[in-house]
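Keep in mind that what you see is a predicted model, and the values were worked out from it rather than measured. Here is the naming used below: chain letters follow the sequence lines, and residue numbers restart at 1 for every chain.
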Amino acid sequence: MDTKKLPKMLYGGDYNPEQWEASVWPEDMRLLELAGMNIATVNVFSWAMLQPTEDSYDFGTLDRIMDMLAGNGIHACLATGTGAHPAWMARRYPDVLRTDFQGRARKFGGRHNSCPNSPTYRKYAERLADKLAERYRDHQALLLWHVSNEYGDQCFCDNCAAAFRVWLREKYGTLDKLNEQWNTGFWGHTFYDWEEIVPPNALSEQWTDTRTNFQGISLDYARFNSDGMLDCYKLERDAIRRHTPEVPITTNLMGTYKPLDYFKWAKEMDIVSWDNYPGMDTPVSFTAMTHDLMRGLKGGKPFLLMEQTPSQQNWQPYNTLKRPGVMRLWSYQAIAHGSDSVMFFQLRRSVGACEKYHGALIEHAGHEHTRVFRECAQLGEELGRFGAKLLGSRLPSRIAIMYDWENRWAIEFSSGPSVDLRYVDEIQRYYGALYEHGYQVDIVSFEDDLSPYGIVLAPVMYMVKPGMADRIERFVANGGKFVTTFFSGIVNENDIVTLGGYPGELRQLLGIWAEEIDALLPGRTNAIVMKDAYGELQGSYGCSLLCDLVHAETADVIAEYGDDFYRGMPAVTRNRFGRGEAWYIASCPEPAFLEGFLNELCRGEGIAPLPGKAPGVEVTRRELDGKSFLFVLNHNDQEAVIRLGEAAGTDLITGAAVSGTVELAGRDVLIVEQFA
Amino acid sequence: MDTKKLPKMLYGGDYNPEQWEASVWPEDMRLLELAGMNIATVNVFSWAMLQPTEDSYDFGTLDRIMDMLAGNGIHACLATGTGAHPAWMARRYPDVLRTDFQGRARKFGGRHNSCPNSPTYRKYAERLADKLAERYRDHQALLLWHVSNEYGDQCFCDNCAAAFRVWLREKYGTLDKLNEQWNTGFWGHTFYDWEEIVPPNALSEQWTDTRTNFQGISLDYARFNSDGMLDCYKLERDAIRRHTPEVPITTNLMGTYKPLDYFKWAKEMDIVSWDNYPGMDTPVSFTAMTHDLMRGLKGGKPFLLMEQTPSQQNWQPYNTLKRPGVMRLWSYQAIAHGSDSVMFFQLRRSVGACEKYHGALIEHAGHEHTRVFRECAQLGEELGRFGAKLLGSRLPSRIAIMYDWENRWAIEFSSGPSVDLRYVDEIQRYYGALYEHGYQVDIVSFEDDLSPYGIVLAPVMYMVKPGMADRIERFVANGGKFVTTFFSGIVNENDIVTLGGYPGELRQLLGIWAEEIDALLPGRTNAIVMKDAYGELQGSYGCSLLCDLVHAETADVIAEYGDDFYRGMPAVTRNRFGRGEAWYIASCPEPAFLEGFLNELCRGEGIAPLPGKAPGVEVTRRELDGKSFLFVLNHNDQEAVIRLGEAAGTDLITGAAVSGTVELAGRDVLIVEQFA
Amino acid sequence: MDTKKLPKMLYGGDYNPEQWEASVWPEDMRLLELAGMNIATVNVFSWAMLQPTEDSYDFGTLDRIMDMLAGNGIHACLATGTGAHPAWMARRYPDVLRTDFQGRARKFGGRHNSCPNSPTYRKYAERLADKLAERYRDHQALLLWHVSNEYGDQCFCDNCAAAFRVWLREKYGTLDKLNEQWNTGFWGHTFYDWEEIVPPNALSEQWTDTRTNFQGISLDYARFNSDGMLDCYKLERDAIRRHTPEVPITTNLMGTYKPLDYFKWAKEMDIVSWDNYPGMDTPVSFTAMTHDLMRGLKGGKPFLLMEQTPSQQNWQPYNTLKRPGVMRLWSYQAIAHGSDSVMFFQLRRSVGACEKYHGALIEHAGHEHTRVFRECAQLGEELGRFGAKLLGSRLPSRIAIMYDWENRWAIEFSSGPSVDLRYVDEIQRYYGALYEHGYQVDIVSFEDDLSPYGIVLAPVMYMVKPGMADRIERFVANGGKFVTTFFSGIVNENDIVTLGGYPGELRQLLGIWAEEIDALLPGRTNAIVMKDAYGELQGSYGCSLLCDLVHAETADVIAEYGDDFYRGMPAVTRNRFGRGEAWYIASCPEPAFLEGFLNELCRGEGIAPLPGKAPGVEVTRRELDGKSFLFVLNHNDQEAVIRLGEAAGTDLITGAAVSGTVELAGRDVLIVEQFA
């Protein structure tokens, strides 16, 4: 789907009128209009209402809700309602219930509660989607389909075990191949019959959710689980598409959520949408990175911010309020990174159950005279005024960071070298260094085309999948700059080590051999000592976590270790390869190093940062049809001085002309519209 | 039961001679007499001895024990022995075994091990109580019945599930009502058949013992569980009462133990008794509060201290000895707060099993030449000399703190706003401020008559049950002073939010609207800034945990917030209502604020602190028939100077006349007898 | 077995060629020879390969491996392969799977996965051992049998429950006896039928793995579990011995591993072997103690170091590399304490599964040009040159520390007095004080002959087994010096308290009565104040953890407590008994006290420390046939100055004459060969 086709910048959120007396509804409509809202996500948890018994369906209430929306000019993001199954179904067909990581058969309760391989669940979920699509295919309110809700978690039941064996047969063909790729000879776990394979959980191969005896089976189960849920999504999607081939279909993702391979999922979605719930201590640059990841799922196309809270959450340990201006600021942050919507969970706070203390447009007081409502209404006014201009615009970037779910799984299933090695932290470390200088970044998959980029970073590219090394070599040979780090090039797609010396398939490209990998205790550091200045970098920088003990083969040594018995061994190398360069950062450097290093690398590649960057200020640029929109977001509580340089234009929010040096209030936003 | 009818201040404790050779018994009798003891709790864990097979009972040993007690002038607190079931019963009837919170069917072991809804357990427990009462109804030793032991914990088995459904039908009548009050529409958990409901535990609605998806079902299960155990108590009690209508019946409670609603239990008990096991770091004011809570369970009647340790415990991480004098001091503390007994667990240390390192009158050395024995004997001498004078005396108070188990459950099941909000801490905060000034306090239930009091405090009155708001309004209208805090007036008895603006049903009384609730991270504070002096209060005080963002409607603003975006909003308000005042403390203040605030409030109400208060010194007063007994307890290790003021009289312990200024040794006690 | 019969100092390690293509094997042989290796442990995890179905066996690959070893002059340490069962067996016979402490029936996975009481496991494990022994009985490579692998953990299944009851019947004969020794009267757990007894785990008597309601049942289950696994070992051993009565049989132990009573195990083993995996923060003196414990298992006979890592481990949180020289240093440390081998896990790193990042002789690079390989080859050269001289030599000592697994279990199952009381820590505290002065120490069981020793230390001899008190009294009466501590002499072998006053059966020997036991909070201390100087000891020393409140009866008071209400009570006593002395250390002293105390005690007994001790330098001496070998190990990173005094001789490593003062490089080793 092309969001340029959206009628407007979507503004609204989750709305559950079926949980309320109908007498409340007109007041809801009044308040939504007052807040400038134009979309409501409905029917998210209505399965039990729509299908009160196995044989009967009742769409009466939903009909009334849809008609009300249409009557009030509100679009419907219509959910299929399969995010939690009805109680009667759990009682009659226990196969819909999951078996958890501990091996315990669950009982009715919660959400994320359906086994993805339950025949009952699949049958009735698909049927419900089909009936909904048939019924509302021509409804005026229908704008978007929202399949199920926040797919997630895992199941380890016998149905899953059986389906896993089928999945494995398809993948490996023979047990010999499986035994080889899982290296089952280790500990004599050789399988002679497919039926001997049981899911890896706390009762079999895993002793925690990330510690496993056999990475092969655990990796495959993670894939299988992601695929199984994706199959559930596809069943519903296909049922819907038969009725409404033109209406876009999405499901709400969850950023860096680990269990599901969202790059694979995004291929099956018309538009990416996601739920943004930063914690109290989440850096804004992490949120920025997550937005870029979500945008990257479909190659840079705009996405939808499906959920955020207007103010506090309820499930954090300490649920502080979003300070005045923060909701608006973070909403614009989403747009700045490619969102064509600002949507909330939730429009009206529930009176009971576990999310009743989660923020909402309409709080328990029930009226518009609240700080939260006023802030929402202000934003609604702004978006209504100029939001549509932004629809479909893209964020051009010549820098890419490679991200991969399977790589993450493999790294974090690894027993050794360090429990503190977390893939997302390493991605964020490189992203953050670019962010601090105002470089616009794309996050791409291991499979994406690299040719649009001048610089590609692949922190901890532990797993090298078939063909990847070739593709990266071609990218570099053609003049690209490639950067990877310690613990890269180690294994194939099944976590089998590439023998002959790390970094394995990347060794020729990088021109080094990593003989050993040292893990540093928390708080311990080594030093990266520059041999010569590289841009602003000179002297010594701290590093920690892991230190590869590297021998340069064809590479130039740019920096050496400063301490310990490997003092003097290479810490940073650059290998000229074809017309490009391949860099290896053998340890985990302090931010000052990365900022200096990446700045110089960009400079060398002719990539300039965006104008307007200042401390605590975030900048991005969206472009469309010859126009560009420079977003300047002041995350400081205090005023910031913004130097726009040549980026003069019109402030989209105020309509004022802006140029030169601008003072931007704390938590305020500037969107400079320019013509190319 | 009226403890004025007790023959003497009870002094003794748990005694298990059936675990020893009978040859030891005469020595026990000699030592009990030497220690001045007059009561022994027997038969606590004797079920397996009394009923060695399903069809046979053997009371021979118990007969001999009871006769021995009678022969030595020792009263029996006769337990029914159902605190742990026999091994044969668990094997033959697995329904007596519990299913735990994790959903695991337990095997034989431990205590607290019987399912309260097991037909087998109920049948045989009742039968045993019946047989004991029939047999010992006229026994000379029998003074008091002690049903089972420390009822507690929970079960989640299928029998409980079935009983829960019956309990729910009785409460709600219809599923529509239940669905409404649990707000099952949220996440589509609508029940269409009672059989679909399963107990809320780790396999269904709860993800920890305090985190739940649906507060409604979890609250009801907590009630159901408390009621089910109470039913077990009542079955035994009724069986006993048929035989001995005149003999009082109790069961030993455990202070602020969370799972059982002791106010409801106390209604079924003739006298409250409880087990006092402070930890190494429990403040003495917390113990004082707990005594007052136990006294409050039956409207201020004296209670029994059923258990305490003579010296160390065994199940703390670090089991330090009670220092010399501490056992005596804490024993008098119990009496000072309304106990008409001092009883120990245990009279003789066991030779094996998990409590063998728990303190006892008779330690493993087996003789009287120990520090612990000497201290017990000294106390026995004192109590024997004057203890009877205190029997039945009451503690007059014009200040009440409201306490409620259901309110606690609801607060702590809540998802948000802060995991650090613990009900008992907040109660203790207000209690402690009064304690530091020497005010005598009653702790009352949400249902108790408030008319005797001038001041009523209800910290975190989150749940407002039907009729409560009216009763409190009447109390204030008639001149009372009422104080409540942040996160009050939020929900009804089923945790359904009262819409229209917090504090809901208390809003008119308090004259405020609490728009938002901010949760502060640990270590973060805001400030309470007094607008004018209130008594000794002036300037600024720290506050933390939660900050309600309040609008005064009819209330006066007494103090404002000093920081953050809600600086200047009301932090403390007072609403004049009828002839009284209703106060709202919108955050959690530092102790200095509360001490100053409550002192001034009392002063304004004409309530004076007790004489004799000094730092580290605790004071209470008991009264009976025109006499009063002022207790002065020096918890310091060093001497304290006590100003008795007009409280001259006779020291009950030494017989000396005391008046004016008295020096009280470290850990010593003064009991001033006065005539009104 | 007498290791003097070994052909050479064994040098090699675990080798799993069946996990690799046979094309790799010749390279392995080349590299082993290059590294000077002479032994390979094979077949450790090959059950699934050897027995691919229930009815078929296939020894083809193992034949080729054994022949290859023989052809290359490499000895085989031939494992029986039963450390993990095949997947087909788990599927066909679920009785081989364990039930864990949580009561969960496990599924196929991991190792340590066979129920020791599974009839299937026992049958097929024994049969496999029998077939292997029959097949390879005359094979040239066969040097040593290695039964299963690292026996460990526990099972709680129904087969175990049934076997436990049989075990209990044999131990107790009657239920009356069992009820008495478990003190089941407590909480009324009396058993009337053996079938009522269930294993103690999280579903029955235990609430954590060290907290139990009944120490008696938990202790017996620990014994039963250790015995059950030992029975499995014996089944295989006996099957092997029928074929190869002359070939020694071992299984690899794990130091202070808690669940198995290795003193009992060692009686069934021809030679002790063990796996040494110190953590990052394990003190070298702890490793030294563990080596001495392993040597003590068979009364001082040399043992085998079966496994250590050449460099990093993989399962620690942070897997740092062994610094250059450390592997060699720690290898010599093993030899210095009695090892006649240096063996590694592993010779070649696996390509997949959880140990692929564990160090190996042949790393993933696959060749000899690595730091790790070079260090291994250097050590191989050295050991090949002179290692055989050391074979069979003993470590003479006149000091013994008593150690007992059952005592440890009992102490750590105890509920009270302190969770911080850990038996191994207390042993290490005394061991470490002797280590710091260079005293050579034996670690002996509670049953070993004490007559060779002048000084016997028994820290925390909580459990006094039948006859022990007599044996220790005889030792002291004959002139020995005996030292024990707080919390000693408390219980019998079933954790039943010895009544009449602590330290029970040791009371007459020690001449004291310990009236009470005080537990100190973490960070709290008391003081040990010397009454007179004792050697270098004078003044005051800190103590912590526990303080016994002691009365001297016949003992002399050497030091008193300096603080708290028991200030002035004895803290250290000495009782002259016959021709010897019995000491009691009533608390846990700081190291300075113990070092001074033990030094003076040794001096008084005429025991001299070994020459060459310096800070951070470890010394031991092995002797054989009139020759002695003084090991001097410099654990410092820097050079140390060694004063050999009269210990002049020849450095075994360099061949140089050494005497007087020697400078030893950081991490270097000196072995001084001397003639008596």
| said: Given heavy-atom pairs under 4.5 angstrom as the criterion, report whether the side chain, backbone, both or neither of A/Asp518 touches chain C. | reply: both

| query | Are the side chain of C/Asp14 and the backbone of C/Phe345 linked by a donor-acceptor contact shorter than 3.5 Å? | reply | no

| message | If you count heavy-atom pairs within less than 4.5 Å of chain C, which of A/Gly103, A/Gly188, A/Gly504 leads? | response | A/Gly188

| With a 4.5 angstrom heavy-atom cut-off, which part of C/His358 approaches chain A: side chain, backbone, both or neither? | neither

| task | Output the distance between atom CG (A/Asn213) and atom CZ (C/Arg111), rounded to the nearest 0.5 Å. | result | 8.5 Å

| query | More than 12 heavy atoms of other residues, nucleotides or ligands under 6.0 Å from CG of C/Asp158: is that the case? | reply | no

| query | Would you call A/Arg165 and A/Glu195 a salt bridge, using N to O less than 4.0 angstrom? | reply | yes

| query | Would you say the side chains of C/Thr82 and C/Ser148 form a donor-acceptor pair under 3.5 Å? | reply | yes

| said: Tell me which of these, A/Phe413, A/Tyr502, A/Trp207, has more heavy-atom pairs under 4.5 Å with chain C than the rest. | reply: A/Tyr502

| query | Between A/Tyr462 and A/Phe486, is a ring-ring contact (aromatic ring centres under 6.0 Å, His included) present by the stated rule, with each step listed? | reply | CA-CA 9 Å; A/Tyr462 171 71; A/Phe486 60 88; over 10 Å; no

| said: Nearest 0.5 Å, please: how far is CZ in A/Arg567 from CG in A/Asn526? | reply: 10.0 Å

| message | Please identify, among A/Ile517, A/Thr212, A/Leu549, the residue contributing the most non-hydrogen atom pairs under 4.5 Å to chain C. | response | A/Ile517

| message | Does any backbone or side-chain atom of C/Ala105 lie under 4.5 Å from a heavy atom of chain A? Answer side chain, backbone, both or neither. | response | backbone

| query | Considering only heavy atoms, which portion of C/Ser311 lies under 4.5 Å from any heavy atom of chain A: side chain, backbone, both, or neither? | reply | side chain

| chain A: which of C/Met280, C/Lys107, C/Arg106, C/Arg104 shares the most heavy-atom pairs with it under 4.5 Å? | C/Arg106

| request: With side chain to side chain donor-acceptor pair (under 3.5 Å) as the test, would you mind laying out the steps for C/Glu54 and C/Tyr124 before giving the verdict? | output: CA-CA 9 Å; C/Glu54 185 167 8; C/Tyr124 285 115; 2.4 Å; yes

| remark: Looking only at A/Ser415, A/Ser418, A/Cys547, most heavy-atom pairs under 4.5 Å shared with chain C are made by A/Ser415

| field | Residues of residues 214-223 of chain A contacting chain C, heavy-atom criterion under 4.5 Å, by residue number | value | A/Phe214, A/Gln215

| So which part of A/Thr190 gets closer than 4.5 Å to some heavy atom of chain C, the side chain, the backbone, both or neither? | both

| query | Do you know which of A/Gly185, A/Ala519, A/Ala514, A/Pro200 has the most heavy-atom pairs under 4.5 Å to chain C? | reply | A/Ala519

| task | Sort C/Arg91 into side chain, backbone, both or neither according to what part of it lies under 4.5 angstrom from a heavy atom of chain A. | result | side chain

| A/Arg507/A/Glu553 ion pair, N-O < 4.0 Å | yes

| Under 4.5 Å from any heavy atom of chain C - which part of A/Glu180 | neither

| request: Identify which of A/Asn201, A/Asn494, A/Asp420 forms the greatest number of heavy-atom pairs closer than 4.5 Å to chain C. | output: A/Asp420

| said: With chain A as the partner, which of C/Gly110, C/Gly81, C/Gly359 has the greatest number of non-hydrogen pairs under 4.5 Å? | reply: C/Gly110

| request: Heavy-atom distances under 4.5 Å only: say whether C/Glu355 touches chain A with side chain, backbone, both or neither. | output: both

| Would you say the side-chain atoms of C/Asp275 and C/Asn252 include a donor-acceptor pair closer than 3.5 Å? | yes

| query | Charged N to carboxylate O below 4.0 Å: is that the case for C/Asp637 and C/Arg323? | reply | no

| Given that the side chain runs from C-beta out, which part of A/Tyr192 has a heavy atom under 4.5 Å from chain C: side chain, backbone, both or neither? | side chain

| task | For A/Asn179 and A/Phe191, indicate whether the former's side chain and the latter's backbone hold a donor-acceptor pair under 3.5 Å. | result | yes

| Contacting region of A/Ile490 [heavy-atom separation from chain C under 4.5 Å] | side chain

| Note: C/Arg371-C/Glu375 ion pair, threshold 4.0 Å (strictly below) | yes

| task | May I have the step-by-step check of ring-ring contact (aromatic ring centres under 6.0 Å, His included) for C/His367 and A/Trp513, ending in yes or no? | result | CA-CA 13 Å; C/His367 53 63; A/Trp513 168 42; 5.2 Å; yes

| Segment of C/Ser46 engaging chain A (4.5 angstrom heavy-atom cut-off) | neither

| task | Sort A/Arg211 into side chain, backbone, both or neither according to what part of it lies under 4.5 angstrom from a heavy atom of chain C. | result | side chain

| query | Under the side chain to side chain donor-acceptor pair (under 3.5 Å) criterion, do A/His551 and A/Glu515 qualify, and how do the steps go? | reply | CA-CA 7 Å; A/His551 303 273; A/Glu515 180 182 340; 2.7 Å; yes

| Can we say C/Glu368 and C/Arg374 salt-bridge, meaning some charged N sits less than 4.0 Å from an Asp/Glu carboxylate O? | no

| With a cut-off of under 6.0 Å to the ring centre and 45° to the axis, is C/Lys131 in cation-pi contact with C/Phe59? | no

| field | Side chain / backbone / both / neither for C/Trp47 at chain A, heavy atoms under 4.5 Å | value | neither

| query | Ring centres of A/His189 and C/Phe45 under 6.0 Å apart? | reply | no

| A/Gln102 versus chain C, the contacting section by heavy-atom distance below 4.5 Å | both

| note | Turns out that what part of A/Ser414 lies under 4.5 Å from chain C's heavy atoms comes down to side chain

| Given a strict heavy-atom distance threshold of 4.5 Å, which part of C/Glu18 is in contact with chain A: side chain, backbone, both, or neither? | neither

